[in-house]
Protein chains: 2
Amino acid sequence: MAPTKAPDSSRRSDRSRRAILDAALALVTEVGYRRTTIEGIAARAGVGKQTIYRWWPSKAAVLMDAFLDLAGRSAEGVAAESESAGEPDEGEQAPGIPDTGDLVADLKLVLRATVDELNDPVLEAPTRALTAEGIVDAKLGAAFVHKLLDPQLALYVTRLRAAQEAGDVRADVDPRIALELLIGPLMHRWLLRTLPLTHAYADEIVEYAVGGLAPRP
Amino acid sequence: MAPTKAPDSSRRSDRSRRAILDAALALVTEVGYRRTTIEGIAARAGVGKQTIYRWWPSKAAVLMDAFLDLAGRSAEGVAAESESAGEPDEGEQAPGIPDTGDLVADLKLVLRATVDELNDPVLEAPTRALTAEGIVDAKLGAAFVHKLLDPQLALYVTRLRAAQEAGDVRADVDPRIALELLIGPLMHRWLLRTLPLTHAYADEIVEYAVGGLAPRP
DNA sequence: CGCACGAGCCGATACGTATCGTCTTGCAAT
DNA sequence: ATTGCAAGACGATACGTATCGGCTCGTGCG
């Protein structure tokens, strides 16, 4: 009763894997998550359906891998470009949050970048699809948080810890909560589309939040 | 140019309507949104499929109405309780945020109630399903925000305006942004399940947020 | 008044389509 | 020879539409 016929990953076709990931991402941005089907992905990738079902348990899982793949390549691209470009671009996750000593300015920079990312039409559809799926499916949501969100949040924690040591933030503040004070409102507005998500909004959130975290004179 | 659309709502069977709404809500909490089907709702409600398609355009729309219905009845229940508690004639509609003069205490009360609501197993599944659907489907999301969220948020705006007149909040603060500083983190934690959603968390959010909104001495 | 009559909703169900996830078949690679 | 792969047939659901009698109204004639 072999419960799981473990596929031999050493024999896996990387060519098919990439084609599947690319096709999934393309279809999601083109026709939306609802109307992208496994069969559609297989057809676009020039791949048999079984090749998808062999390696992924669900459409959401495929999209998650595709998204991780995109994030990885995007990070590489930005890192390479930022050397020749004069102005810093968006999506500067890998190196962490800058620490110029000015907490407000640093956070504004990062939150503005996050705003740009969320407003990026290429990233919007897949991100919304994954987030929505994770909200309903606890298992997938946990994977999403663990693989994509937590690493980001950890950057805030280190920056906020530094701010505490510098005396910009009270010592009794929990960084895990402080960070949610910053990105919670951003995500809320983006997810529910209550009002436009702008740089000005990010700036105000930073100012209000840091005001509540700063030492009381 | 819509000759086919115009069911006579005066002849509508309220019995069927209720049965459909109840069945939809029950199925969503029992088997989840994904696996509740229109056919399943019809069968459970003892109703023809066409009776659902006649009055609602989609599964999400049915669930939205079911949810509004639930919220309405729940509000009545609360009103009935508070009546026997001593208040002879309380308005049956939205009670609003209390104003005891202590902004922090008032907000903690309301945010704790919101936490309890979000953790209520009866409300959780339908709320998650509707929110997730709204995140992906902009049209439905707008309806969700307009019918369910905005009325709630308006209560915060009035309370925060009062706080501004009382001098507890700076006059240059936009209440629409201040309110998101409060509920954004709550929703963020609930939606993404990063950490448990507790009263203690609600309290800290209120303290940090109000600290950032208060007049600077 | 009273009672047929027709309009329209209702429960039920058949229908064609879409998508799912599994299974089968050759083929290519190793 | 073994195993992944492309292609697609297959049964199972669920969708949304189209009808079919049955039932409940409001209307108008007697």
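To find a chain, count down the sequence lines: A is the first, B the second, and so on, and within it residues start at 1.
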Between CZ of A:Arg44 and P of C:dT19 the distance, given in whole Å, is 15 Å
In whole angstroms, the gap separating C1' of D:dG16 from CD1 of B:Ile38 amounts to 9 Å
From OH of B:Tyr53 across to P of D:dA18 the rounded distance in Å is 13 Å
Rounded to whole Å, NZ of A:Lys59 lies from C1' of C:dT19 at a distance of 9 Å
Give a yes or no on whether a donor-acceptor pair under 3.5 Å exists between the nucleobase atoms of C:dG11, that is its base, and the side chain of B:Lys49.
no
Checklist line | N/O (side chain, B:Trp55) to phosphate O (OP1/OP2, C:dC10) under 4.0 Å | finding: yes
Heavy atoms only, 4.0 Å cut-off, all strands: where does A:Gly46 land among base, sugar-phosphate and nothing? sugar-phosphate
Against the side chain of A:Val47, the closest entry in D:dC15, D:dA6, C:dG11 is D:dA6
Go through the N and O atoms of the side chain of B:Gln50 and the base of D:dA18, and report whether any donor-acceptor pair is under 3.5 Å. yes
Discussion item. With a 4.0 Å limit, can you tell me whether A:Thr51 has a side-chain N or O closer than that to the phosphate oxygens OP1/OP2 of D:dA6?
Written reply: yes
(request) Would you check, one step at a time, whether the test side-chain contact (heavy atoms from CB on, under 4.5 Å) holds for A:Val47 with A:Ile52? (result) CA-CA 8 Å; A:Val47 145; A:Ile52 298 180; 4.2 Å; yes
5'-most contact on DNA chain C (nearest-nucleotide basis), A:Glu39 vs B:Asp14, goes to B:Asp14
When rounded to whole Å, the CZ to P distance for the pair B:Arg34 and D:dT13 reads 18 Å
Per side chain to side chain contact (heavy atoms under 4.5 Å, CB included), A:Ile183 is matched among A:Thr114, A:Ile205, A:Val110, A:Leu153 by A:Leu153
Atom CZ of A:Arg15 and atom C1' of D:dC5 are separated, to the nearest Å, by 12 Å
Exercise for the section: Report yes or no: is the cationic atom of B:Arg17 (NZ for Lys, CZ for Arg) under 6.0 Å from the centre of the six-membered ring of B:Trp56, at an angle within 45° of the ring normal? Expected result: no
For B:Glu133, is there an ion pair with B:Lys139 - N to carboxylate O distance below 4.0 angstrom? no
- Query: Is any side-chain nitrogen or oxygen of A:Ser13 closer than 4.0 Å to OP1 or OP2 of D:dG4?
  - Reply: no
- Could you tell me whether the side chain of B:Arg193 and the main chain of A:Ala142 form a donor-acceptor pair under 3.5 Å? no
Examine D:dA6: is either OP1 or OP2 under 4.0 Å from a nitrogen or oxygen in the side chain of A:Ser16? Give yes or no.
yes
Requested in this report: Determine: side-chain N/O of B:Arg54 to OP1/OP2 of C:dC10, distance under 4.0 Å, yes or no.
Outcome: yes
Rounded to whole Å, the CH2-C1' distance (A:Trp56 to D:dG4) equals 13 Å
